[in-house]
Each structure stands twice: as C-alpha cells, then as structure tokens.
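All remarks here apply to the structure that follows.
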Amino acid sequence: MMSLVLAMVWTRRGQAVTLALLSLFAVASAVASPAYLTAIDRAVAAGQIETSTPGERSLVITGMQDARVDSGAPDFTDVGAALIELPGFTYVYGSSYPIIGLRPDNSNADRMVFRQDVCAHLRIVSGRCLVGEDDIVVGAATARRLGLTAGDQVALSSAAYVEVPQPLWVRDGDPRRLVIAGTYAVEDPEDVYWGTHGYFTTLPGVGASEPVFTGATTFTTMDHGLTDLSIDGLAGPDALDPDRLGELRAALLELIRKATEIGPNLQVNTAVPALLDRIDSGRATAHLLVPVLAVPLVLLACFSIFLAVGYGTEGRRPELAIVALRGARWWTRWWLAIGESLAAILAGAVAGCLAGQLLVNAVAAARFPGVGIEEGWDSLRYAPYAALAALAAAVLAQRRQLVSPVATLLRRPVTAGRHRAITLDAVIVLLAVVSVGQLVITGGSLTGVGLLAPALVMLALALLAGRGLLPLVTRYASGALAAGRLGPALAGFQLSRRPGAQRLFALLVATVAVAGYATCAIDVAARGRVVQAELGVGASRVLEVRPVHRSRLLHAVRQVDPEGKFAMAAARLRNTDGREPLGLAVDSTRLTTVPSWPDGAPPAGEVARALRPEAPAAPTIGGPDLRIKATAGGIVKGKELRLNVAVSSLTGLGETLVALGDLRPGEWTYKQRVDACDQGCRINGFQLQVNGNVVGVTGELTLESVSGDSSWLQDASRWRMVRHGRVGTAPEGLRIEVDEPGGLPDGAWVQPVDTPYPLPVAYAGSPPSGDVLTGLDGRPMAVTGVVGLPAVPRLGEHASLVDLEYADRLATDAALALLPEVWLNSRAPADVVDRLTAQGLTIRSDTRSAQVLRQLAEQGPALSLWFHLLAGGLAVLLGAFVLVLAAAVDRARRVEDLSALRVQGLRRATMSRATLWTYPALVGIAAVTGMLIALAGWAATAWALPLAGVDPVDLPLPSWPRVLILVGVTVLVLLLLAAVALATGRDLRRRITPS
C-alpha cells in the first residue's frame, strides 16, 4: 500500500512538490513569527541601547561629606559591597568642591575635581598630566584666557557662596600653592566617562567651563569643607546584553534599596530604568504587530492547501471511483485518497521548520547586523499546530470525495456552489464581524479574537468577492458567446464552470489583500515616524535654554540671526489648571523659515501675518533713570495705592517690575534707577496696588511725564485698562481712575496699546474656551482665534500658538520664560551654539529631528514592520504556487476539451486567446479587488495598530497610505502573478493537439 502511494506521488510529482511547498509555507510562517519576535526582541534592545544618551547607560551614586568632620579618601567604602552586585559596570570614583584663586575676581568659582583615571581621558595640550602631590591640570581655554602656562604656581583655596553684602564666593579654607603641571583639552565632553556632573557646562559670557583636575592626595589634603562625592557606574556591553536586561533591572532595584538603607544623604540617580522601560514597551508593541500578518499568512497557507488538495482530488475523481467500485474497505479508500497529500504535506512541514528559521536568520542578518539570533527550539513551538492545520485542511478538502458514491465520483461537476460552502463562508463573515466588534468594544486591544480581526476581515471579504465573481463572469461569457467572440467566451466559461474557481479567486484576492495591508502598514508607519520626528520636535533642531527673561531670549536669537534665516525663539504659555490646552509662543517673523509645518495647514506666511498684525510703537525710556511725574488724589487713608512700573530691556538685559512706592497726595516725582534700562527699555504697563487685603479701593492718578517724555501720555486711546477702573485724558496727561469695591489682589494694570487686543491666536483642536488663555505671566489673556491648524509644531493637535513678542508685551510679571527654546533649521551654522552662548544663553539640551527619527526607526513598531514586508512577499508567492497547481490540475481536462474543439474546427488564434488569457484575466481582477479589500480591511482595523512608536506625541499622524505606493504595489503583484499565469497558458497551448 505504501509503495502504491509513493508511486502516486511520483506520477504526479509536480503536484506533490507544489503541495509540499504550500505545506512548507504554512509551517515556515508559523515558525517565522516566533523566530522573528525573538530576533526583534534583541534588535529592539540593541537599537535603543545604541541610540540612547550617556545618561541612559550609566548611573551615579552621590553624597555629601564634610571633610573637616569626616575626613577620608574620596570614595564610598560603605557601598562597595552593593556595587559588586551590579556586574558589567565600570566604576569611576570622583569628588569635587568649589575653589577660588584661579580667576582675578570671585564672582565665579572653579571646581577642584578628583576623577579616577582622568589622565587617560584628557588630551594634554602643554606640559604633562598629574604625577606627584601639588600637581594640577587646567583647561587650555582657561589657561589662555587667564594667561597661565604649564609650570606656573597658583594659590588656591576652597570657597563658599555668600549673598550678603553682595553675591560672591569667599575663601573657606587655608590657601595652598599648587603647580600647573599642564593644560588639557577634552575631545568628547559627552563621553559616558564624564557622567552627568556638568563638568564642561557652558557658562554665559565665559564659555565652556573647565574644572581643575588633581590627584587623590592633593584633593584630600587641601583644606576644604563640604565635598561632593560620586561614583559613576558605566554600563559595558555585558551589562546591556539584550538577553540579560531582566537581571539588570533586578540588580538596579536592589542597589537602590541598599542605598536607601545606608542613609538619606546617599542617592542613586540613573536613567537606565527609563531605557529598560522603553525597550519593554517596544518589545510589547512588536509582539502585537507581528501576529497581525503572521496569522493571515498561516490561514492563507492552510486555505491554499485546502484549495490545492481540492483541485487535485477533483482531477483524481476517476481513480477514487475505481477504488470505490472495487469495494475497498473504508480505511484503504481513505488511505489511497489522503496518502498522497499526507506524504507531501509531512515532507513540506519538516522542511518548513528549517526554512522558517533560516528565512528569519537571513532577514535578521541583513536588517539587524551584529545582533544575532538566540539559539534554541522556542521558534518551533507553533510548527506542530501549523502542520496539523495543514493536514486538517487537506482532509477537509477531500471530505466529499471520501464519502461520495461511485456514480457521483464518475460525474463531471460543472458548478461549485454548495450549501455547506455557503455556511462556512457565513461563519467566517460572522467571525470577522465579531472580531472587529471586540476591537471597538475594547478600544483597539489586540487580544483574543481582536488579534485575528485583520485576517478574518480580509478572508471574509475575499470569500464574498469570490462568490460575486462567478455570476459576473458567466454573464460576460454569455455575452461574448452571443457576440461571436469565442476566445473570451471559452475563457470565461472555464472560470465560471470549473469547480474550485471561486475558491481560487478568493485565495488570489486574499494574497493580494495581505500584501496590500502590509504595504499600508509600512507606508503609514514610515510617514508617521517622519511626522513624529519633524513636527514632534518642531524643527530640524531644538535647543533648550536655561531659563532667561523672554525679552533676552528674543534679543539674543535676533542678534545671532538678524535676518530670520535659521533661528527662532520659543517659550511656553503657562497652563495653571492643567485643563487648558498647551500654548506655544514663538517669534512669528520666522514661521516661514524655521519650524516644521504641518500638512494641510494654511501657509506659514499667512499664519504669521495673522498672529502679528501691525501695532503702534511701544512707549520707551532711553536710560536707567526712571522718573515719573504724577498727581495723585482721592486716596483714602489706610488704603494707599502703590505705583509699580513693568519694563523690558530693548537690548536683552531682561524684564523687571520697578517699585516706586506709595503714592503721595498732590503732584510728585517718583524716581528709581533701573540697570536693565541702561540701553533703553519698553514700558509694559503701570500697576496700582493697594497695601494689604483691603476692599473698597478708590483713587485717581494723573501721569504727566515719564523720564521727561509726555507725548504718549496725551492720548487715552493709546492705553487700556481692562479691569478695576478706567483711563481718560486730562490737560496734564493720562488720567487713571481706580474704583474696585472688591479689592485689588493682583493690582490694577494700565497697559499701552502696543499690541493687538485681544491677542490673535492660531489653534489646533477646539478654539480657546471663552476666548481666554493663560498668558506668559500666568494671568488670563484675552485672545481671538484667527487661524485653525491641524497641529501646533511640537505640541500637537490640541494646542495654541501666539506671537512671543506680543505675548511678552502683555505679560507683566517680569519673570523668566517657561521652557525657553531656540529652534533651528537645517541651514543653521555649525557654531550656532557658540554664538548663542556669546549672547548670554546657556544651552541645556540639543534635540535633533534626525536623531529622533533614528530612534523611532529602532523601536519595536518600526522593526516589526519588516515582518509585514516579509509576509506580504510570502503571500504573493503563495498565490503564485497555488496558481501553478490549479493550472497543472486543470491542464489534462482543458487539453482534452480544447483538442476536441480544434478537431471540430476551432481556429488556433481563438484557442490561443482561450488558453492564454483565462488565468491572467483572473489575476487582473484579483489584483484590483485584493487591493480594494486591503483598503477595506485597513479602514476596519488599522486604527487599532500601534504604529506610532512608544509614547507617541499627540500629532496628526497619517492614517492612509499614498495612492501611488498602492498603485505601484498593485502593478508589481499583478506583473508577478500575470507572468505565472501566462506561463501556464503557454504550457497549455503547447500541449493541445494541433488540427
């Protein structure tokens, strides 16, 4: 019996090989998914580690020690045992305290630093590195600035900071004469060796700081008090091994616990847990995205086996009829029926176990070089299930022939529709509806049946399309026959009357749909990463600045880039209650050149003009001596008013609120010297405050002149008083009347009309509630929405955008900017940081959109989509194999039919059209239908796919693929399948007996 089955396999070896290949696809798909997930787990970890910052790859244990109370070497002997439990880290001991004596003045202090093995990380510019006691090395730039050279002696002493009588550093220890052994430079201040101690932080007006390095003995024996102690743990390759990250997390938690037990002054600071969390999130996302197409790929393979076995069994109906006619027992009949398919499927399953792993190994080696594949058998855990599913599909495909009587087997069927098939299709459609319903109910959770939603939706729609095909083809064939076009008629009837044609069409549609769905995911995700990197960052490069006054930020950026070609100042509006959308204030004169602009938004130039309409000139004073001549009256005793003036420097020296004291009855001149106005100031407003929390405040004040200028006080229309009173014009100047029964907790403000009011605002999402936003000073600011945006750069889809200069003029707090930033485009010069530093700005961080894009490309969602590319390609190849098998099974009967027609006079040209265009026509319809079904499946399920990466920003990410990409993929798939179809047609035409 076995020899008979093997003879059958050999006789139909072409079909057997094709069936084995389909089984190989099924098992390989089941093996490839876990194998790829194993590879991607390592790739996500390796990618995030590679793109992480030095702070995310290190830890620092810090403490404070008073050397005069607890003298000793600069180390932590009491935590050494804990450090041993954190393997794979290299530890660097360090200590520092402030010193004076190097600079000619004491307004700034230097840092005396001991750092283990420092000489190995310094480039000696002159002299030598540390050798003996009393040796120090200083920075080369510091030496040039102070006129110091190697060999000079300096007297240094530890220092302490005092604020009275004026802020400066004073001596806090006996001076010690030290020798400058050499000068140094640091090649990479961001190297992980230097930790997060800010040794080389850029200082306004000074440049990059350079500490004084010395040896342990000198550091310890020099008279000093409070000392910063630190141990930096630098993670090596072993510590960040992708296979041992769980052990690293546990060891870090244990280290933090032990440090807490040792004492409250000991702190462990590290961003390694944040890196590990990002890796875990990326892995979790990948474990959701990979099965989305792994499941339909396995289902397609089983469906193709079902179809292939069904096609083959249809061709063997006479053989099965003879077996049944001879009265063979049921197990012999079953064995002869399924043995041929069983042998091919088992052979393919064994090969699929190896092929799936090798395929993933090849993809991982090409896409994740150097990451490697974890050894083991874990990837084979789903192979038995896939093999059983393939066998079940084969048995199911032959169920009818196994139980049919001889007469039925000898009959040549011409239709394929059956009630059982309709029931099966209905079940699949119902499952698709249920799976999508679960997605909706769970808010897009890809668990349970919801994980199968994309596969079930595409399969259900493909089956429905297959059922709708036959009536249309039959109608077309009948029309072609009536019109005398025999070639198309024969081709059409071959499809409509051939059992299994409907299933073949459904399978081809499903394979194209899987490829189309993969294309949608890859294209949408790739464009989404670009949006996150560009619009999410805001510009090509964003520099976070240490808090400065808003006017200083604006002035510094405009000084560096006076023409507005590459730099833009930005700051945040204050959102005090957390319910108000985020707000961004920018120098809108640079909107057209610097920031990344959202697609679908009005032109940046149009938005800039709307945010910054023409406004009257602001009142100014020309020097530091502020003099206000005013006449006060109507002030009740005990409710005296105080006069304050808010001013902003015209040259970036900052803002200040000048307190002029209580108002005195009658005419008086109030004076104050304002250093910030040394080169001129803008008047932001006058504030009238009451002493204490009193109510029933009334009073009058007439401003006659400010610093000798009265011209802009003669017209009350140039001033506004929104609350607590009114302004008017008097013969002497500007008359201010205060009348507030409820008191003045925030004072009564009179501000110049030097900005549009309400302030124009562009917004994304809903307009500002009540036409009010929280301003830069934290107070309510009246606004009017003028432009709607899809998103505000950097802030997202629910935010507002205003002009920074106008918003600053409305602000009266004279406080520092909230989250000040400098946005740069790709044309910014290489030394832009140095230029900004020279203007008094201190750069805290540097974020580049290109780096963010690289990080996103190494996260789980981006890496998992390479499996989608693989799945799409395998699906198309699967369709091509099934097409070959179907043509091979059909070949015998079609040769017989067409040869008979040729004998009866069918012309060769007509016969050629009937043979060559049957399957190409089927493929053409399937390609278009499959891509439409892919879009339908995408619309139903794509919203649940986590394509945007870990912790996505609230941005208008693309949700649909580009039309040209879909058209291109459709054409590519069509060409591949059509080439296969044409080849089968040519083979059929060659076999037909000529007349």
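Annotation: ring pair (Phe, Tyr, Trp, His ring centres under 6.0 Å) contacts of Y193 (sequence neighbours excluded): H121. P829 meets the side chain to side chain contact (heavy atoms under 4.5 Å, CB included) test with F566, D831, V832, R835; sequence neighbours excluded. Under the rule for a ring pair (Phe, Tyr, Trp, His ring centres under 6.0 Å), the partners of F867 that lie at least two apart in sequence or sit in another chain are Y36. For the salt bridge (Lys or Arg N to Asp or Glu O under 4.0 Å) test, no residue two or more places apart in sequence or in another chain qualifies with E797.
Within the 4.5 Å cutoff, side-chain heavy atoms of V557 are placed close to those of R590. For the pair R794/V542, a side-chain contact is recorded, criterion being any heavy-atom separation below 4.5 Å from C-beta on.
Within a 6.0 Å radius of CH2 in W866, no more than 12 heavy atoms belonging to other residues, nucleotides or ligands are found. Within 6.0 Å of the CG atom in D599, the count of heavy atoms belonging to other residues, nucleotides or ligands does not exceed 12.
D523 and R527 are joined by a salt bridge, as a carboxylate oxygen and a charged side-chain nitrogen come within less than 4.0 angstrom of each other. A salt bridge does not link D587 with R612: every distance from a Lys NZ or Arg NE/NH1/NH2 to an Asp or Glu carboxylate oxygen is 4.0 Å or more.
In this structure, H868 contributes its side chain and L289 its backbone to a donor-acceptor pair below 3.5 Å. Not one N or O on the side chain of D954 forms a donor-acceptor pair closer than 3.5 Å with the backbone of G796.
There is no side-chain donor-acceptor pair under 3.5 Å between E534 and S596.
Summarising the geometry, atom CH2 belonging to W938 is positioned 10.0 Å from atom CG belonging to L966; distances are rounded to the nearest 0.5 Å.
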Original post:
Can E544 and T847 be said to form a side-chain contact (heavy atoms from CB on, under 4.5 Å), step by step?
Top reply: CA-CA 8 Å; E544 183 184 349; T847 304; over 6 Å; no
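For residues 841-861, there are no ring pair (Phe, Tyr, Trp, His ring centres under 6.0 Å) pairs, not counting sequence neighbours. Pairs engaging residues 845-856 under the salt bridge (charged side-chain N to carboxylate O under 4.0 Å, His left out) rule: E50-R854, R541-D846, D846-R848 [sequence neighbours left out].
Between L935 and P961, the closest heavy-atom pair is CD2-CG, 4.3 Å. When every heavy atom of L573 is checked against every heavy atom of L818, the shortest pair comes out as O-CD2, 3.7 Å. Here the closest non-hydrogen pair linking T592 and A604 is CG2-C, 3.8 Å. Across all their heavy atoms, L856 and R529 have their closest contact at CD1-O, 3.6 Å. In plain terms, the two heavy atoms of A936 and L461 that are nearest each other are CB-CD1, 3.7 Å. The two residues V876 and L977 make their nearest non-hydrogen contact at O-CD2, 3.8 Å.
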